[in-house]
Student: 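Let me give you the structure first, and then I'll get to my questions.
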Amino acid sequence: MQNEIKTESAVFSANGQIQNMGWSRKPVFNFDKALCSRRFTLCERDSYMISNSEVSIYLSVEKKGLTACVTAIVADHINATIDSCTRKKYMSLSGPDMPCSSKNGDVTFTDTRVGMNFSNTALRRYIRCEFVNFCRDKNLYINISLEDTIDESLNALIPLKESRKDFYLKRFMPAMRASGIVRCGGAEYTLNAEDTYAFLDWQRYSTRDKSYYHALYANVFLDDSRQFALCLAGGLGNTSMGSENCYFLDGKVYKFASIKAEGNEEKPDKPWYFTAGSSAMDIQFRPQIKSGRLMYKKCGNKTVIFGKIYGYIKQLETEKILIDAIPAHLEFMLT
């Protein structure tokens, strides 16, 4: 039985064990990393995906132990090209100060080639990046503003081991309108709030076991008016009380108790299939292949594949959503 948390809740007890596992429509989980018993294996990651019909931009800053990592991917859907780069640096006491909340706090990564900053005010979020020699002698420049359009988000706290000291905490915040400019080499992309959408994938987790994590995301407006987003993920932890699996329609989040995912991480050109019990969902993800090129990139421990989804969603007492060639992307990660 999925456990919906409706009030403010601390992630850790005084002895460092996670408590009140489940999911929420609001960011109610208070994360105090000073109480985390697994600080040496703690991974803190803030990731954004900004997309329209022309281009998708994936940006991520991560801190794990004494390593900091920044990743940028620019996928041009018209010309079927992908540029990407991942930079790592090893720290002593310095490095990006990752916030304990997804609601506020800035993230900054800098080294000799790249400066990336995610900032957050009461009204907007901002993304700025300057990346010298980003990919194939191209420089990357990004200046983007994000505006929230819905109040709900998907928040989940999942135990990863019986000890209740290994955990996975996530906030999936879709349906942000994006505007700004992206320059990558000689290409320039102007992002307009009318047709460019973004989401935040905020993750904090700690595990000593290696495992494959997969997640399918979509974030669009149906018929140019109805907001729709999808997050189907698995591979980590005990999801009996709470999971990431959900969809959004017109600003409201709807949960799946469980899903079945079928695919092969080692064959990025092959489709994936996602189903839910009692015929609540049947979705196929097809990778995008254009001009003979598969639209995917492997960066560090993560693989990102761009494509489209087909099928339907029909839960009890909800309308049926037909999904026909909706842009989406699939992520694989080795934790």
Side-chain angles (χ1 to χ4, degrees), residues 1-48 60-64 96-107 118 120 122 125 148 150-176 199-208 213 215 217 229-248 251-258 333 335:
M1 183 69 179
Q2 297 278 292
N3 181 32
E4 183 177 357
I5 308 295
K6 297 183 178 181
T7 58
E8 294 283 328
S9 175
V11 172
F12 302 110
S13 63
N15 64 358
Q17 293 193 345
I18 63 169
Q19 55 188 1
N20 297 326
M21 291 80 73
W23 72 280
S24 175
R25 304 171 190 272
K26 303 286 185 179
V28 299
F29 297 107
N30 296 321
F31 177 69
D32 183 354
K33 58 184 167 185
L35 295 176
C36 178
S37 300
R38 306 286 195 222
R39 285 192 295 275
F40 292 107
T41 59
L42 174 64
C43 181
E44 304 168 273
R45 179 187 295 111
D46 287 19
S47 302
Y48 287 92
S60 178
V61 176
E62 175 184 314
K63 182 179 180 182
K64 185 174 183 179
D97 185 16
M98 306 297 287
C100 286
S101 172
S102 59
K103 295 180 286 186
N104 49 54
D106 293 359
V107 176
F118 304 151
N120 189 2
R125 295 171 184 262
D148 300 351
I150 62 175
D151 293 330
E152 294 192 356
S153 58
L154 187 281
N155 306 269
L157 176 60
I158 300 169
L160 298 187
K161 291 185 72 68
E162 295 299 328
S163 67
R164 291 177 61 175
K165 292 186 176 181
D166 292 329
F167 68 96
Y168 178 76
L169 174 65
K170 178 193 183 82
R171 185 183 188 194
F172 173 57
M173 184 179 174
M176 289 187 279
F199 70 77
L200 168 66
D201 185 20
W202 189 90
Q203 301 177 355
R204 302 294 185 266
Y205 66 89
S206 178
T207 178
R208 293 168 293 173
Y213 170 83
Y217 295 105
L230 182 71
C231 175
L232 303 177
L236 289 177
N238 180 354
T239 59
S240 59
M241 298 185 68
S243 72
E244 307 163 66
N245 300 313
C246 68
Y247 71 95
F248 290 75
K252 301 295 183 182
V253 61
Y254 299 87
K255 286 289 282 93
F256 295 105
S258 63
M333 179 177 66
T335 63

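Keep in mind that what you see is a predicted model, and the values were worked out from it rather than measured. FYI, side chains are in, hydrogens and waters are out, and symmetry mates aren't considered; it's all heavy atoms of this structure.
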Student: Quick one about Lys255 and Ser243 (side-chain donor to acceptor, distance below 3.5 Å, no hydrogens or angles considered), yes or no?
Tutor: yes
Student: Would you find a donor on one side and an acceptor on the other, under 3.5 Å apart, between the side chain of Asn155 and the backbone of Ser24?
Tutor: yes
Student: Classify the ring geometry of Phe167 against Phe12: parallel below 30°, tilted from 30° to 60°, perpendicular beyond 60°.
Tutor: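 Correct class here is perpendicular.
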Student: With distance as the sole criterion, is a donor-acceptor pair present between the side chains of Arg171 and Ser102 under 3.5 Å?
Tutor: yes
Student: State which residues pass side chain to side chain donor-acceptor pair (under 3.5 Å) with Arg204; sequence neighbours excluded, sorted by chain then number.
Tutor: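 If we apply the side chain to side chain donor-acceptor pair (under 3.5 Å) test to Arg204, skipping adjacent residues, the hits are Asp46.
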Student: Tell me, please, which residues at least two apart from Tyr247 pass ring pair (Phe, Tyr, Trp, His ring centres under 6.0 Å).
Tutor: Tyr254, Phe256
Student: By ring pair (Phe, Tyr, Trp, His ring centres under 6.0 Å), which residues pair with Tyr213, not counting sequence neighbours?
Tutor: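 Testing Tyr213 for ring pair (Phe, Tyr, Trp, His ring centres under 6.0 Å), a comparison that skips the adjacent residues, returns Tyr168.
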Student: Could you tell me which residues satisfy side chain to side chain contact (heavy atoms under 4.5 Å, CB included) with Ser258, sequence neighbours excluded, listed by chain and number?
Tutor: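 If we apply the side chain to side chain contact (heavy atoms under 4.5 Å, CB included) test to Ser258, skipping adjacent residues, there are no hits.
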Student: Is there any salt bridge (Lys or Arg N to Asp or Glu O under 4.0 Å) pair reaching into residues 9-21, and which pairs are they, with sequence neighbours excluded?
Tutor: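 Residue pairs with at least one partner in residues 9-21: there are none.
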Student: With sequence neighbours excluded, give me every salt bridge (Lys or Arg N to Asp or Glu O under 4.0 Å) pair touching residues 14-26.
Tutor: Glu4-Arg25, Arg25-Glu152
Student: Can you sort out the partners of Phe29 under ring pair (Phe, Tyr, Trp, His ring centres under 6.0 Å), two or more places apart, ordered by chain and number?
Tutor: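 Expected list: none.
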Student: Once salt bridge (Lys or Arg N to Asp or Glu O under 4.0 Å) is applied, do any residues pair with Arg125, and if so which ones, sequence neighbours excluded?
Tutor: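 For Arg125, no residue satisfies salt bridge (Lys or Arg N to Asp or Glu O under 4.0 Å) once neighbours in sequence are set aside.
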Student: Excluding sequence neighbours, so at least two apart, what forms side chain to side chain contact (heavy atoms under 4.5 Å, CB included) with Pro159?
Tutor: Ile18, Met21, Asn238
Student: Look at the rings of Phe199 and Phe172 and say which category their plane angle falls in: under 30° parallel, 30 to 60° tilted, over 60° perpendicular.
Tutor: perpendicular
Student: Can you sort out the partners of Ile150 under side chain to side chain contact (heavy atoms under 4.5 Å, CB included), two or more places apart, ordered by chain and number?
Tutor: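 Ile150: side chain to side chain contact (heavy atoms under 4.5 Å, CB included) contacts with Pro174, Ala175, Gln227, Phe248.
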Student: How would you list, by chain and number, every residue that makes a ring pair (Phe, Tyr, Trp, His ring centres under 6.0 Å) with Tyr48, sequence neighbours excluded?
Tutor: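 So Tyr48 forms a ring pair (Phe, Tyr, Trp, His ring centres under 6.0 Å) with Phe118.
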Student: With Glu8, which residues qualify under salt bridge (Lys or Arg N to Asp or Glu O under 4.0 Å), at least two apart?
Tutor: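 Salt bridge (Lys or Arg N to Asp or Glu O under 4.0 Å) check on Glu8 returns nothing, list empty.
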Student: Verify, without hydrogens or angle tests, whether Asn120 (side chain) and Lys103 (backbone) share a donor-acceptor contact under 3.5 angstrom.
Tutor: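 Yes, Asn120 side chain to Lys103 backbone: donor-acceptor pair under 3.5 Å.
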